[in-house]
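Here's the structure we're looking at; comments come further down.
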Amino acid sequence: GAGVSQSPSNKVTEKGKDVELRCDPISGHTALYWYRQSLGQGLEFLIYFQGNSAPDKSGLPSDRFSAERTGGSVSTLTIQRTQQEDSAVYLCASSLGGASAGLASGETQYFGPGTRLLVL
Amino acid sequence: KNQVEQSPQSLIILEGKNCTLQCNYTVSPFSNLRWYKQDTGRGPVSLTIMTFSENTKSNGRYTATLDADTKQSSLHITASQLSDSASYICVVSASGGGFKTIFGAGTRLFVKA
């Protein structure tokens, strides 16, 4: 596609409900990243997928958070039993990726518009 | 501890004026430093990326500098426009395995007519 897309653009849910956020990366990009941005805060890394390698989940804040990437393309971030502190903008990004690529190699990362999650 | 600190937190300038945003980091071992522009309600967009050997890089009216010795970077915006109103985020990546990229909290720039 032309860019990274995310859905829904906005999500309001009740505390305790589960939510699923979707990310469609740029076609051909093998690296996919999820971040969380709370109001007035910097981006917080959540999880990183690179090709068929095991994802780097080191940023997930609790076991209520999980993500999967099917077929090496679309990714879904799931938050179970949502809490009010989960309210934030969830950003997805993708990059070309590859065995010797990644942000440390200077690869350009393209961000989606984000999903604004509000937990009441 | 790997950290990226940006200053000021926010800045208001008049259209046409220049401004400079600061970024200090302690990320190690250093690999690269990026500046992003994030418009309200949008995802960040890359402006510049610099490696250890680069000390300046320009993208139109945006010029980034890097002093790897003092671990400081700046983003200079020349002849500001209303459309420059956005958050500017400094991001530093470390080399090595795993995800080692740290995002600063950003500087919120307001350009007034």
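Every chain is numbered from 1, with letters handed out A, B, ... down the list of sequences. Source: prediction; values computed, not measured.
- For the residue pair A/S87 and A/R36, no side-chain donor N or O sits within less than 3.5 Å of a side-chain acceptor on the partner.
- For the set A/Y35, A/F111, A/Y110, the entry with the most heavy-atom pairs within less than 4.5 Å of chain B is A/F111.
- When each of A/Q109, A/E44, A/Q41, A/Q6 is scored by its heavy-atom pairs under 4.5 Å with chain B, the top score falls to A/Q109.
- Note that B/R34 lies outside the cation-pi zone of B/Y36, set by a 6.0 Å cut-off to the ring centre and a 45° limit from the axis.
- Using a 4.5 Å cut-off between heavy atoms, B/T101 touches chain A through its side chain atoms alone.
- Using a 4.5 Å cut-off between heavy atoms, A/L43 touches chain B through backbone and side chain atoms alike.
- No part of B/Q6 comes within reach of chain A, as not one of its non-hydrogen atoms sits under 4.5 angstrom from that chain.
- A side-chain donor-acceptor contact under 3.5 Å links A/E107 and A/S95.
- Ring pair A/F45/B/F103: centre-to-centre distance not below 6.0 Å.
- Comparing B/G104, B/P44, B/G43 by how many heavy-atom pairs each has under 4.5 Å with chain A, the most go to B/P44.
- Inspection of the B/S74 and B/T65 side chains reveals an N or O donor paired with an N or O acceptor under 3.5 Å.
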